[in-house]
Every structure is written in structure tokens, then in C-alpha cells.
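So the structure is just underneath, and the comments pick up after that.
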Amino acid sequence: MENLFLKAPVKQAYFKLALPVVLGMITTMIYNLADTVFVAKTGDPKMVAGVTIGAPLFTFLLAIADIFGLGGSSVVSRLLGEKNVHLTKRVTSFCLYCSIITGILLTVFLLAFERPILMMLGAKAGTYADAANFYRVLSVGAVFVIFSIVPQNLIRTEGLATHAMIAAITGTVIAIILDPIFLFVFKWGTTGVALANVIGYAFTDIVLLVMIFRYARYVSLNPRLTKINLHTITEVIAIGIPGSITNFALTFGMALLNSSLAFYGADMVAAMGIVQKVYSVLILVIVGFAFGAQPLIGFTYGAKEWSRLHQILRFDFLVQIVYSVVVGGVLIIFAKPIISLFMRQPVIVNAASEMLLATIITTPLVGLILVYTTVFQSIGNAFGAFLMSISRQGVIYWVVLEVLRHLAGYTGIIWAQAISDIITCLLGYFLYRLTFNWQKKK
């Protein structure tokens, strides 16, 4: 493992760890696009809007998973760099079993508070039924979604990125196969869409368990190792909560956006739903590179290899910017033909094309934001990670959205994210420079 993390050329180590994550993200992206196409082919804007309204629940579940997935992997990568194997196994066992317990408790909570949550997410009389059908199935399957994220993050810390990718792809392929069957053969509507997703995550869980039993040396499923000291639990949570808040903020931002657009009708909510799926072509790969590199950053930091750490970070920034500019440019140029693949109603195509430009234009800055965030998470800078987590689609986005909504109405709503990205990137740059200037003085 040390040969890969400390001795291999930076580019080789980076891509060996990041590319499997990116490929897993691309598979997820393909499913997201196929899922949108399948739902859109029903020709029912209310069904598209229902899935769009229910989608933040996915983000919420991922946010919960990140407490143990990102928090655990951050601590584990540094422990492996320090060669503390015994504590590594205890941390992984703690995170895995906590994710299962949390998933079960969340199912009860989500079902008990269905109506107020859906109303908060932007459900109206015309979209409530479709949104509720999607929401209920996903709530029941919460444990499968949450558990799948944690071992994926943990096994990557010991270089098993390809194994994590195989597990993710397996579940996604299953979901892609089931989605049209449930929609067009069984006519299950948004219930079928959610069920295909949950079954896909369940298959991912099964494959991950097999991978842990057969290949993992440091990730433990032994329940007797779940007991760890308070200091280590605090470390996991201190980094996991900011990572979780990032996804909570995404849920919050999506809910704010959907609620704001709902005033302009279901067509606008449906248009933004399509835009978010197209945007995933760009953002999921960016996320894949950022989080794929995280174990490398954490291990190198734990081993105190400062020169190599800075080489890794410079290359990480370069990859993010180049990919964002190239792919983002292509999506902007061919916006209308791409949107038309999903729905052909002129009002939706025109609205979605403008939304796509506003969404994509600042993506290179989002790449930088993600690198800043993963750096803070990897090195255990809980304060920096927390500030970044509450900014882009949290506090900053809320303030910008409210101001622009009142000043510019609809146009202000769809451009609020771009302004938020610029402000958050400046904040990230300041915290990044502050962090590494402090490190130099140590």
C-alpha cells in the first residue's frame, strides 16, 4: 500500500485511486440520465416534478451516510499513514454498524413526518401524490442507501478503489434494468422509480460485503471492535458532520430552489429537474476526482510527506479546472439538443436551456471548492470543512437566493447558484491559504 500512496508518481497514484471513483460516478450519472429519460417519456410533467421534489431525500440520506463514510475514511487514511492498524479496524467497525442503526431509525422518522417534509420540499396539491409515492419507498429503503456509502469510502482508504467501483456499478446496472420494467411494464410510476433505486443499493451492499470479506485487510465487520474512545469518535464526527452538512446543504438548496420555482408552475420545476440531471454529467465526475484523491491526501498528510502533498494538490486543482472547462463548454454549446432528448415541449426546452447555462457557468469554481473541502476533511481541519459545508448551498446560497429573488424574480432565482459559487470559492481560497501558511509555521 505504501508503494502506491508514497512512492508511485503523483499522476499514477492520483488516477489509480480517483479513476475508479470517477467511473463509478459516470455509471451513476448514466443511471440518473436514463432515469430522467424514462420518467420524461411518460409525458407527465407532474411525474417528473414528483421525482424532482423527492430527489432531495436521496441527498439527505447520503448526507447522513457521510457522517460515518467521510468522517471515518478521513480518520482511517491518517491512521494508516501513521501505521496505527489496531485503531483503524475499530474505527471501521464503529462506522459500519452505526450506519446500519442510523438507517433503521431514519426510516421510522421519515415515515412519521412524511407530509410536513414533502411540503417543505416543495410538494403542491398537483404533485403531492407522485412525490409521496417516491418518498415512501425511499424512506423504507433508507438503510440500504446509507450503508452502501460507508464501506465504499472505507475500503478506498486502503487502495481498494476498483473494488468499491465494481460494487457501485453492479447496483447501478441493476437499477437501470429495473427502472423501465417498473415504469412501463408494471406501470408503478414514481413508486417503481424509487423501488429500482433501493434494490440497486441493496445489491451494492451485498457486493461490498463480499469485497470486505475477501480483500480488505483493515476494514472490519467484527461487532466486538465497535468500541472506540471518545476522542476518536469526536474525530470521526468532527469531520463527518461537515461532510454531512455539505449534502444537507445540497438538500436545503434543492428544496429552496424547487419551492421558489414552484411559484412559476410545474413546468419550471420539471425543467430544473432535467437540468440537474444534465448537470450531473459534469458534477459527478468532478466529485469523483475530488473524493477519489481524498485517501491519497489523508495518507500523505498522516505520513508527513509535505512536498508530495503539495504536488498532489496542484495536480488535483489542474484536473478539476481542465475537465470543468472542456465538458462544461460542450454542454453549454449543445444545451437545447441535449434538453430535447428528455422533453420536447418548447416552454420546458427554452427554460431548461437558460437554467443550464446559469448552472454550469461557474463549474470550474465548484471544482476548486470541492478540492478545498476534501483537503480540509482529509487533514482533519474540522473548522475549514465546516465553513465550506455550510456555504455554497447553505447560508451563502440562501442569502443570495433571497436577495436575487426579490430583486430580479425568476432570473434571480436561476442565477443565484452562480453568485453563491463565486463567493464560496473566494472563501475556500482564503481558508486554504490560511491553513497551509499555518502548517509552514509548525
Side-chain angles (χ1 to χ4, degrees), residues 9-30 32-33 36 246 250 253 257 272 274-294 296-297 310-342 352-376 378 388 391-393 396-397 400 411 414-433:
V10 167
K11 292 181 182 179
Q12 178 185 332
Y14 180 92
F15 285 121
K16 187 174 180 62
L17 289 168
L19 279 180
V21 183
V22 170
L23 290 173
M25 291 288 187
I26 289 174
T27 308
T28 301
M29 172 192 73
I30 292 170
N32 286 340
L33 293 175
T36 304
T246 299
L250 181 58
L257 182 58
M272 182 54 75
I274 292 170
V275 166
Q276 292 300 324
K277 298 296 185 179
V278 175
Y279 183 53
S280 68
V281 172
L282 196 54
I283 199 66
L284 285 179
V285 174
I286 291 172
V287 171
F289 278 122
F291 286 96
Q294 189 172 12
L296 182 60
I297 295 169
H310 285 288
Q311 291 178 46
I312 292 166
L313 294 177
R314 283 195 296 269
F315 188 69
D316 201 5
F317 284 124
L318 178 64
V319 170
Q320 296 285 9
I321 292 171
V322 171
Y323 177 81
S324 300
V325 170
V326 172
V327 179
V330 171
L331 291 176
I332 289 172
I333 291 169
F334 296 101
K336 286 193 175 182
I338 291 171
I339 299 297
S340 298
L341 293 174
F342 297 91
S353 298
E354 184 183 359
M355 291 175 182
L356 188 63
L357 172 63
T359 303
I360 285 180
I361 197 72
T362 52
T363 304
L365 300 183
V366 178
L368 300 183
I369 291 168
L370 283 169
V371 175
Y372 295 142
T373 304
T374 53
V375 167
F376 300 145
S378 299
M388 295 302 291
S391 297
R392 179 178 175 253
Q393 289 192 297
I396 291 177
Y397 179 64
V400 171
T411 301
I414 65 173
W415 282 93
Q417 186 64 72
I419 304 301
S420 177
D421 291 344
I422 294 170
I423 297 172
T424 305
C425 189
L426 291 173
L427 172 64
Y429 175 76
F430 171 76
L431 293 172
Y432 177 81
R433 291 298 299 268

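In this text, all values refer to a predicted model and were calculated from it rather than measured experimentally.
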_side-chain contact (heavy atoms from CB on, under 4.5 Å) between Tyr397 and Thr424, intermediate numbers included_ = CA-CA 9 Å; Tyr397 179 64; Thr424 305; over 6 Å; no
_Could you walk me through whether Thr363 and Tyr279 satisfy the side-chain contact (heavy atoms from CB on, under 4.5 Å) test, starting with their C-alpha distance in whole Å, then the side-chain angles of each, then the deciding distance to 0.1 Å, before giving a yes or no?_
CA-CA 10 Å; Thr363 304; Tyr279 183 53; 3.5 Å; yes
*Just do the side-chain contact (heavy atoms from CB on, under 4.5 Å) check on Phe15 and Val319 with the steps written out, would you?*
CA-CA 10 Å; Phe15 285 121; Val319 170; 4.3 Å; yes
Using atom types as modelled, flag every donor-acceptor pair under 3.5 Å from a side chain in residues 282-294 to any protein atom, sequence neighbours excluded.
residue : atom : partner : partner atom : Å
Gln294  : NE2  : Gln377  : OE1          : 3.3

Please output the side-chain donor-acceptor pairs of residues 352-359 that fall under 3.5 Å, not counting sequence neighbours, one pair per line with the distance.
residue : atom : partner : partner atom : Å
Ser353  : OG   : Val349  : O            : 2.7
Thr359  : OG1  : Met355  : O            : 2.7

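Smallest separation of non-hydrogen atoms from Val325 and Pro364: CG2-CG, 3.9 Å. The minimum heavy-atom distance between Ile396 and Ser420, with the atom names listed, is CG2-OG, 3.5 Å. Contact between Ala416 and Val400 at its shortest, heavy atoms only, is O-CG1, 3.5 Å.
The CD1 atom of Ile361 sits 13.5 Å away from the CD atom of Gln417 when rounded to the nearest 0.5 Å. We find the CG-CD1 distance between Leu313 and Ile297 to be 5.0 Å, quoted to the nearest 0.5 Å. Distance CG/Leu318 to NZ/Lys11: 8.0 Å, rounded to 0.5 Å. Here the CD-CG distance, from Gln12 to Leu17, works out to 10.0 Å after rounding to the nearest 0.5 Å. For the atom pair Leu370 CG and Leu365 CG, the distance stands at 11.5 Å (nearest 0.5 Å). Note that CE of Met272 is 11.0 Å distant from CD1 of Ile274, once rounded to the nearest 0.5 Å.
Residues meeting the ring pair (Phe, Tyr, Trp, His ring centres under 6.0 Å) test with Phe430, sequence neighbours left out: none. Under the side-chain contact (heavy atoms from CB on, under 4.5 Å) criterion, Ile338 pairs with Val278, Leu331, Phe334, Phe342, not counting sequence neighbours. Partners of Asp421 by salt bridge (Lys or Arg N to Asp or Glu O under 4.0 Å), not counting sequence neighbours, listed by chain and number: Arg392. Gln276 pairs by the side-chain hydrogen bond (donor to acceptor under 3.5 Å, both in side chains) definition with nothing, not counting sequence neighbours.
Within the 4.5 Å cutoff, the side chain of Tyr432 has no heavy atoms near those of the Leu368 side chain.
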